[in-house]
Amino acid sequence: MKCDRCDKPAVVHEVNVKHGVKHEIHLCEEHAREAGIIPSLGPEPINQMLTQFVVSQKTKKRKRAKSKKGCPECGLTFTRFRQKGLLGCPVCYEVFDAQLGGLIERTHNGGTHHAGKIPQRAGGSIDRQRMIQRLAKELDSAISAEQYERAAELRDQLQTLELEKPGNQDGP
Amino acid sequence: MDLDPTAAWNIEQAPHSDVVISCRARIARNIDGFPFVNRTTDAQNHELLNLSRRMLLGSELADELVWVDLHEATAHDRRLLFERHLISKNHMESKSERAVVISQDETLSIMVNEEDHLRMQVLAPGLQLEKVYHQINHVDDAVEAEIDYAFHDRWGYLTACPTNLGTGIRFSVMLQLPALRMTNEIDRVRRAANDLHLAVRGYHGEGSESAGNFYQISNQVTLGKTEEELLAEFQEAILPRIIEYELHTRKVLVEKNSVLLDDRIHRALAVLRSARMLGTEEAMNLLSRVRLGICLDRVEEINRQIIKQLFLQIQPAHLQQHLGQELSPVEMREARATIVRQMLQ
């Protein structure tokens, strides 16, 4: 069977029935593409594919470059940390925060925040932070235990402490 | 270097000393403004050492402290300090500029430029964890009055290895468990300890085997709990049960297997009293059996303190120190057998 629009052999055959009347369409590959019945193979998708390929290459490179990029303070890379198990300086804890979090939690059996002694020189801000963490923990347990009155008290205390934070003092 | 074999931490009269040889609290701290020791330059190591010397010798602890520059000390002196648990193996072997500060009675030692800038420990004989905790806390306060520590709101005291993060505190006990070893029950203790996130090591800590039936148990978690909570958990979770288990097993051995028990104890004593050459591990294992015999009143003529001293005196550097000369491995074995024979007559 030939294409409805040219002499080439038809490769797409479509039959539509509208108001009881049957319409048959027979198109060659070229005309079927033109009609949008089969996806176009124009230069655009190839470009897209290429761009994706290039982009993914770039991303990979960027990702690799990022993991190779070390701590700005001491130069330690995360790869090196994984080999040695030792961080290079206090700043490493900030730089590799995302990678270290889970590892630290597993090592310390679920411990995620310091709860112990505080250097006296560190001042009151840490005390406040510590109190907020403790109250938040208590609030969670009170809610789990369905002690709603206690939970309400704890929530009020937490709100007061949050408002006392240095950055919040000038706020409404 | 002259060190007394009857150091304050090595005496026998202490709580639970039939099972607990000694206990320790150790704190890891770093000084703010410096990289951790694995990333410091030689100049920074030098600066850290000078700063620590000024700070420690200027602190309220100063009267009782002795400063030892380890990079200038002889290999023999470093080994001597290691054998007395005053420095780690790593600190003994390292090549960089480093030091140790020791109190006259050797219950306190502060390693400078080990894995962390400061590794401070208090040792005591027997089971006295509350005491060592309060002492190390006092030392920490005295040091903190002089310098700023590397500290983070969330992570607490920052350490080179994240396993020490938070409080930076480790409690440990050195146990002698000959009955549990003899009856092959020791693996159950290891498993129970592992389940409770406790580490089990040998006489010289990490990597050392359990020669002499010594087992060092310590907490692994240092973050997320207060020092007091960590201490309470460590003291209450498993220690009383291990001590009880060892004592119970000793009792069962006496009641049900006394001939075999006596045979092992007296055979060990006979070898120690007759041998002309002894290796360190062999001597430690035999001494451990004799000590068990003394604890169970199966051996009456020997004082337990002598055995405890011997555990230290048969170590290589202590033997050379005693004889005042360097010894070849063969001479060492001979000297070890001689001193053991003399002490057990």
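Chain letters run A, B, ... following the sequence lines, proteins first, then strands; residues in each count from 1.
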Members of residues 139-149 of chain A whose heavy atoms come closer than 4.5 Å to chain B
none
Do any of residues 81-89 of chain A have a heavy atom less than 4.5 Å from a heavy atom of chain B, and if so, which, in residue order?
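Residues of residues 81-89 of chain A touching chain B at under 4.5 Å: A/Phe81, A/Gly85, A/Leu86, A/Leu87, A/Gly88, A/Cys89.
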Distance in Å, [X] [atom1] paired with [Y] [atom2], rounded so as to fall on 0.5 Å steps:
X: B/Leu118; Y: B/Tyr157; atom1: CG; atom2: OH; result: 12.5 Å
X: B/Ser96; Y: B/Asn45; atom1: OG; atom2: CG; result: 5.0 Å
X: B/Cys23; Y: B/Phe171; atom1: SG; atom2: CZ; result: 10.0 Å
X: A/Cys3; Y: A/His26; atom1: SG; atom2: NE2; result: 10.0 Å
X: B/Ser22; Y: B/Leu123; atom1: OG; atom2: CG; result: 6.0 Å
X: B/Leu108; Y: B/Met120; atom1: CG; atom2: CE; result: 9.0 Å

Minimal non-hydrogen separation, [X] against [Y], with atom names:
X: B/Tyr215; Y: B/Val200; result: CD2-CG1, 4.0 Å
X: B/Trp67; Y: B/Ala99; result: CZ2-CB, 3.4 Å
X: A/Cys92; Y: A/Leu76; result: SG-CD2, 4.0 Å

Tell me whether B/Arg98 is salt-bridged to B/Asp69, with the criterion being a basic N under 4.0 Å from an acidic carboxylate O.
no
So, B/Arg29 and B/Asp140, do they make that salt bridge, N to O below 4.0 Å?
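Yes, charged N to carboxylate O under 4.0 Å.
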For side-chain hydrogen bond (donor to acceptor under 3.5 Å, both in side chains), just list the numbers for B/Arg191 and B/Asn194, CA-CA rounded to whole Å, side-chain angles, deciding distance to a tenth of an Å, and then say yes or no.
CA-CA 5 Å; B/Arg191 279 199 298 274; B/Asn194 288 337; over 6 Å; no
I'd like to verify something: which residue of B/Glu229, B/His197, B/Arg154 has the highest number of heavy-atom pairs under 4.5 Å with chain A?
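Greatest number of close heavy-atom pairs with chain A: B/Arg154.
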Using a 4.5 angstrom heavy-atom cutoff, name the option from B/Ile169, B/Thr159, B/Asn30, B/Leu230 with the most pairs to chain A.
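Maximum pair count with chain A is reached by B/Thr159.
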Do the side chain of B/Ser172 and the main chain of B/Ser218 share a donor and acceptor less than 3.5 angstrom apart?
no
Do the side chain of B/Asn113 and the main chain of B/Glu97 share a donor and acceptor less than 3.5 angstrom apart?
yes
Between B/Leu177 and B/Tyr245, is a side-chain contact (heavy atoms from CB on, under 4.5 Å) present by the stated rule, with each step listed?
CA-CA 9 Å; B/Leu177 307 172; B/Tyr245 196 15; over 6 Å; no
Under the salt bridge (Lys or Arg N to Asp or Glu O under 4.0 Å) criterion, do B/Arg241 and B/Glu244 qualify, and how do the steps go?
CA-CA 5 Å; B/Arg241 276 184 288 156; B/Glu244 184 53 39; over 6 Å; no
Are the aromatic rings of A/His114 and B/Phe151 close, with centres under 6.0 Å apart?
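So the answer is yes for these two rings.
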Show your working on salt bridge (Lys or Arg N to Asp or Glu O under 4.0 Å) between A/Arg150 and A/Glu138 and close with a plain yes or no.
CA-CA 9 Å; A/Arg150 174 73 184 138; A/Glu138 275 186 50; 2.8 Å; yes
B/Asp141, part contacting chain A, at a heavy-atom distance under 4.5 Å:
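Contact with chain A is through both the backbone and side chain of B/Asp141.
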Taking a cut-off of under 4.5 angstrom between non-hydrogen atoms, the residues of residues 31-43 of chain B near chain A are B/Phe34, B/Pro35, B/Phe36, B/Asn38, B/Arg39
Hey, which residues of residues 219-228 of chain B are touching chain A, say heavy atoms under 4.5 Å apart?
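Within residues 219-228 of chain B, the residues under 4.5 Å from chain A are B/Gln220, B/Val221, B/Thr222, B/Leu223, B/Gly224, B/Lys225, B/Thr226, B/Glu227.
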For A/Glu105, which atoms come within 4.5 Å of any heavy atom of chain B: side chain, backbone, both, or neither?
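Neither the backbone nor the side chain of A/Glu105 comes within 4.5 Å of chain B.
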